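In the text below, chain A, chain B and the rest are named by the order of the sequence lines, each starting its count at 1. Note that the structure is predicted; figures quoted are calculated from it, not measured.
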Amino acid sequence: MDGLEKKEERSLNFLERIIEDDLANGRVPDNTVVTRFPPEPNGYLHLGHIKSICLNFGLAEKYGGRCHLRLDDTNPEKEDVEYIESIQRDIKWLGFDWGEHLYHASDYYDQLHAIAVNLIKEGKAYIDSLTPEQMKEYRGTLTSPGRNSPDRDRPIEENLRLFEEMRQGKHPEGKYLLRAKLDMASPNLNMRDPALYRIKYASHPRTGDKWCIYPMYDYTHPISDAIEGITHSICTLEFEDHRPAYDWATSIDGIEHAPHQYEFARLNINYMLMSKRRLLNLVKLGIVTSWDDPRMPTITGIRRRGYSPESLRDFVSRVGVAKVESVVDYNLLEFCAREDLNKRAKRLMVILDPIKLVITNYPEEKTEWFDADNNPEDPESGTRPIPFSRELYIEREDFMEVPIKGYHRLYPGNEIRLKHAYYVTCTDMVKDADGNIVEILCTYDPQSRGGTTEDKRKVRGTSHWVSAHHAIGGEIRLYDKLFSTEYPGATTGNYLDDVNPDSLVVLRRAKMEPSLRDAKAGEYLQFIRNGYFMADSKDHSAAHPVFNRTVTLKDSWSKKANKQN
RNA sequence: UGGGAUGUAGUGUAAUGGUAACACUGCAGAUUCUGGUUCUGCCUUUAGGGGUUCGAAUCCCUUCAUCCCAGCCA
């Protein structure tokens, strides 16, 4: 109880404060907080979007309101149904539900058009025939004001006629533009007569060829928010300069409901890239195999890698939300993955880099079955039988002919425990002609059956193992960070220079517990002492098992060992 | 004197005029049938300067630093 209450006491972030203040002062219609997640369907959702999703859906949930999913599809040149579908799949996987409230900016094209016509009639918008180059020139610069377009005072009737002709497809792309009549001298460039509609002969994923004029973001987004009754429209910092445009659009005559825009800092993580454009580039260049390559920070990629939605949501909540540009440490992401996976992952024994171990005093044909814990963290998880026999595989790094200081695994004369099974002592080894160790010879203590002895003598090392006769083969994909520097591209200016050449290491000689044949994508696994893994959703099969490493286990030994050498 | 925003341990985020704190990282140690987990401890913080105040991370002035904006992208 105490713990729960303390959790509730956690201080509010700035958005929660705004909402609670609005609620307390009766500024929220029907006391219902309405937010929206408005992705543009021009790429796959990534970790950065998860923050926005959690914020928007989380805020609505916390205050008993609702959150809409609105696809911001105003630029048919870049958008695609592939993305529209993946976005919905990814949000659902994260565990959020927009219920009936799935919308598209394109749902409002008719209304948007009618409002634009009204604007023209009121003399608040005009058709401009400036070329893009001229537009740029007339716009002025950051430090100097712009100039009015010669078309700014075009008669209303003519504006109306030209806008209609634009709609009917009577003019080529770029010929005309509908612009709001605001202030060319504004220090805010977004207010220097922003474009409202442009001509684009592109077929739209939803409206097909109905339109050849498409509305711009600064016009569409705020009005869409207003139409849907959004109360709190939250977006990232770079839209701060657009807020005056937002406020202008939501105060157009006839728009009753006026939502407000609030900005927060987008999520950045070191060693990662978080822009759709650059992620798309990685796919196009073949640096990764696809959008769902397990090294990608896309939701679909992280999912395939083996992260759970719970750990991702936990990550976002730990990151917090503020208005300061920040870079979150990659370590926090891995911490969240491990913390979650530790509680839920099924433990299994897999030898990544096998070396044979023969127990010379163990009967040749005998097989014993031991019960292994499925998860020591979860008493409910039960046990599974694992076969043991005279010939086993252990991890090559679990043996050293000449042990370094502090090494308490297997070496000549040393006794270790084979997890769940017996104590074994190394008596000898077999080498090939080149002097490479090819086999380790041991004796076992029959009294240590099950992994403990009556005399309670201590063994410092415990190794995992698989029975050579029963083991299955398969492919293990060891993933690491896609970039090897904290800020990809920081030194050379080209992020491609910092791609980590070892971001994927494929192991094909691994030996696994037979039960792994039945593993399925979506099952959280821990290969004991090696890390967390998941069957690959595309390539895994019983005939050819394939596992992706989600994240390693924390490893305090290799650090120590490296320091010594 | 273009506009807008932001500065709290290495990294995130609290403290909203009253003892600067939590998490991650890092470093020690204890426990452990995973060198995992768990537990304990340690390190390091209010951008600078001035002012108001009994008292300032918080209010005021000022300096500095960083980020965003000149798409018919979102």
With a non-hydrogen cut-off below 4.0 angstrom, is [X] in contact with a base, only sugar-phosphate, or nothing?
X: R338(A); answer: nothing
X: R347(A); answer: base
X: L553(A); answer: base
X: V459(A); answer: nothing
X: K276(A); answer: nothing
X: K200(A); answer: sugar-phosphate
X: L348(A); answer: nothing
X: E77(A); answer: nothing
X: K419(A); answer: base
X: Y217(A); answer: base
X: G146(A); answer: nothing
X: Y407(A); answer: base
X: D241(A); answer: base
X: T141(A); answer: base

Heavy-atom nearest nucleotide on RNA chain B for D218(A) versus E325(A): which residue maps closer to 5'?
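The residue whose closest nucleotide sits nearer the 5' end is E325(A).
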
Nearest-nucleotide wise, let me know which of D128(A) and G406(A) is further upstream toward the 5' end of RNA chain B.
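Looking at RNA chain B, the more 5' nearest nucleotide goes with G406(A).
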
Check: E263(A) side chain, G4(B) base, donor-acceptor under 3.5 Å
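Absent.
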
From D398(A) atom CG to L418(A) atom CG, the distance as rounded to the nearest 0.5 Å
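With rounding to 0.5 Å, CG (D398(A)) is 9.5 Å from CG (L418(A)).
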
Rounded distance (Å) that lies between atom [atom2] of [N] and atom [atom1] of [X]:
X: F239(A); N: G4(B); atom1: CZ; atom2: C1'; result: 15 Å
X: Y83(A); N: C73(B); atom1: OH; atom2: C1'; result: 15 Å
X: H408(A); N: U34(B); atom1: NE2; atom2: C1'; result: 11 Å
X: I269(A); N: G10(B); atom1: CD1; atom2: C1'; result: 17 Å
X: E40(A); N: A74(B); atom1: CD; atom2: C1'; result: 5 Å

Please determine if a side-chain N or O atom of [X] lies less than 4.0 Å away from the OP1 or OP2 oxygen of [N].
X: R192(A); N: C69(B); result: no
X: K559(A); N: C27(B); result: yes
X: S556(A); N: G36(B); result: yes
X: R147(A); N: A70(B); result: no

Which nucleotide in the set [options] lies at the smallest distance from any side-chain heavy atom of [X]?
X: V319(A); options: G12(B), A74(B), U37(B); result: G12(B)
X: D555(A); options: U25(B), A70(B), G35(B); result: G35(B)
X: L142(A); options: G35(B), A70(B), C27(B); result: A70(B)
X: R409(A); options: A74(B), G36(B), G35(B); result: G35(B)
X: K323(A); options: A5(B), C24(B), A14(B); result: A5(B)
X: V328(A); options: G36(B), G7(B), G12(B); result: G12(B)

Sticking with atom P, work out how far U53(B) lies from U58(B), rounded to a whole angstrom.
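Straight-line distance between the two P atoms is 16 Å.
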
How far, in whole Å, is G51(B) from A57(B) if one measures between their P atoms?
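That atom pair is separated by 15 Å.
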
Side-chain heavy-atom pair H171(A), E165(A) within 4.5 angstrom cut-off
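Touching, per the 4.5 Å side-chain cut-off.
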
In terms of ring plane angle, is the pair [X] and [Y] parallel, tilted or perpendicular, where the classes change at 30° and 60°?
X: Y219(A); Y: W248(A); answer: tilted
X: F163(A); Y: H113(A); answer: parallel
X: H68(A); Y: Y103(A); answer: tilted
X: W557(A); Y: Y407(A); answer: tilted

Please check if any side-chain donor atom of Y176(A) sits under 3.5 Å from a side-chain acceptor atom of D151(A), or the reverse.
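Looking only at side-chain atoms, D151(A) and Y176(A) do not form any donor-acceptor pair under 3.5 Å.
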
